[in-house]
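Before any comments, here is the structure.
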Amino acid sequence: MENSLVNAGYACINLTLQANKVFTNRGMIKKTYLQRGITYASELALKNVQDLLTIVDWNLANGFRVFRISSDIFPWASEYSLSQLPDFADIRATLEEIGSRPIRLTTHPGPFNKLAGEGTVLDNTIKDLEYQSEIFDLMGLTPSHWNKINIHVGGTYGDKQASLVRFAENVRRLSDNLRARLTVENDDRPGLYTVADLVTIYELSGVPIVFDYFHHSLNPGQQTEEEAFLTAYSTWDVRPVFHFSDSRKDREDPTARREAHADWIYSPVNTYGKAVDIMFESKMKELAILKIRSGSTGLPATLSGQVAG
DNA sequence: AAGAGTCAAGTCACC
DNA sequence: GGTGACTTGACTCTT
């Protein structure tokens, strides 16, 4: 693993700052939303966005140039448009500030997003994905897979192939900016989608494939890790972001579910000679990466914080 | 202040 | 058929 080949990122939460109450997923239950409405949603969203700026700057100061934004940054976002929020001017200004920073930001919208779904499920999915894309628009970021909006197919509906085709057809219903950012990830359960399965979506709609090493290990299909990696790699028009984590069951707790992620990182990442960004999905977040960098894990301290190029 | 119970959304696996 | 998991525990009520 060469230093320049891997930029390390992490997802949604910075544990160091969270201890000081800096976090980006303030929200509320339905009852509270019905009582307090978008006025309170706006307050929380503004705090979330301001804290995102703090986290982004912490990342830059600490050599992290890849970070996943929480999908919960705007509570109840499906119920309003961002421009309706009373604090929209401040929110937009803060998002613009974030967008000016030299960091690669991505999102991973929730499992409720079903682009192979139908009816209201599909409608709600499009609404949610479009709002995630709008966040990047407000940041002033040129639409591309550099700022990926990554989802799973998430369901077979009794017919895998038909669902892949339906997913690809529904991609046409998305805005140009969203379509330019959308990516699709391989699943961890047999019966759902391997990298090889997802090639159908790529061929029909041009949506790149995010390779998740851990998911592949649980659901490899007929491909080796290298084959799946290179298949996914070939679908990208910018430097890919791939996901990595170790197995909690194998490394930390034999009673854990096989799909559970470990707290820490134990294994080296093989990028097969390619330059990629790696999103580490370890429960200990940035601390897991810092631990590798410190050299105390026995792993090569080769996780660069530098942006490619 | 802190612990317990609760919590939008879709689908699947497991109990 | 209810529950947990998923990219991420946080929110709210009660004590």
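Nothing here was measured: the structure is a model prediction, and the numbers come from that model. Throughout, a chain's letter reflects where its sequence line sits, starting with A, and its residues are numbered from 1.
Salt-bridge annotation for A:E97 and A:R101: present, with a side-chain N of the basic residue lying under 4.0 Å from a carboxylate O of the acidic one. Salt-bridge formation is not detected for the pair A:E43/A:R26: no Lys NZ or Arg NE/NH1/NH2 atom is positioned less than 4.0 Å from an Asp or Glu carboxylate oxygen. The residues A:K291 and A:D263 are annotated as not salt-bridged, no charged nitrogen and carboxylate oxygen being separated by less than 4.0 angstrom. Taking a cutoff of 4.0 Å between a charged side-chain nitrogen and a carboxylate oxygen, A:R173 and A:D123 qualify as a salt bridge.
Paired regions of DNA chain C, where each region holds three or more successive Watson-Crick or G-U pairs whose two hydrogen-bonding distances fall under 3.5 Å, are B:1-7 with C:9-15, B:10-15 with C:1-6.
The nearest heavy atom of DNA chain C to A:Q35 and to A:Q18 marks one nucleotide each, and the one closer to the 5' end goes with A:Q18.
Taking every side-chain heavy atom of A:F23 into account, C:dA10 is the closest of C:dT8, C:dT7, C:dA10.
Atom CG of A:N219 and atom C1' of C:dC6 are 15 Å apart (whole Å). The separation between A:E259 atom CD and B:dC15 atom P is 11 Å, rounded to whole Å. Atom CG in A:L17 sits about 16 Å away from atom C1' in C:dT8, given to the nearest Å. Here C:dT12 presents its P atom at 12 Å from CG of A:L34, a figure rounded to the nearest Å. Per the geometry, CG belonging to A:D212 stands 18 Å off P belonging to C:dA5, to the nearest Å. Rounded to an integer number of Å, the gap from CD1 of A:I151 to C1' of B:dT11 is 14 Å. Rounding to whole angstrom units, NZ of residue A:K160 and C1' of B:dT11 are separated by 15 Å. Atom NE2 in A:H215 sits about 17 Å away from atom P in B:dC12, given to the nearest Å.
Annotation: C:dA10 and B:dT11 have their C1' atoms spaced 24 Å apart (nearest Å). Nucleotides B:dT6 and C:dT8 place their P atoms 24 Å apart, quoted to the nearest Å. Only the C1' atoms considered, C:dC11 is 23 Å distant from B:dG10, to the nearest whole Å. Taking atom C1' in both C:dT7 and B:dG5, one finds a spacing of 24 Å when rounded to whole Å.
Note on A:T125: nothing from the nucleic acid sits closer than 4.0 angstrom, heavy atoms only. Counting any heavy atom pair closer than 4.0 Å across all strands shown, A:G191 reaches no nucleic acid atom.
For the pair A:H152 and C:dC6, the criterion of a side-chain N or O lying under 4.0 Å from OP1 or OP2 is not met. When the side-chain nitrogen and oxygen atoms of A:T32 are compared with OP1 and OP2 of C:dC11, none of them lie within a distance under 4.0 Å.
The same ILVMFWY cluster, assembled from side-chain heavy atoms under 4.5 Å apart, contains both A:L105 and A:F74.
Counted by atom type alone, A:N59 and A:Y10 present one or more donor-acceptor pairs between their side chains at under 3.5 Å. Between A:S267 and A:R251, the side chains place a donor N or O and an acceptor N or O closer than 3.5 Å (distance only, hydrogens not considered). Donor-acceptor pairing under 3.5 Å is lacking for the side chains of A:H216 and A:E225. For the 3.5 Å distance criterion, the side chains of A:Y266 and A:E252 qualify, holding a donor opposite an acceptor.
Of the options A:T224, A:V195, A:V276, a side-chain contact (heavy atoms from CB on, under 4.5 Å) to A:F229 is made by A:V276 and by none of the others.
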Inset, instruction - Could you encode protein contacts along nucleotides 1-10 of chain B as a string, one character per nucleotide from 5' to 3', using B for base contact, S for sugar-phosphate-only contact and - for no contact, with a heavy-atom cut-off of under 4.0 Å? - result: ------SBBB

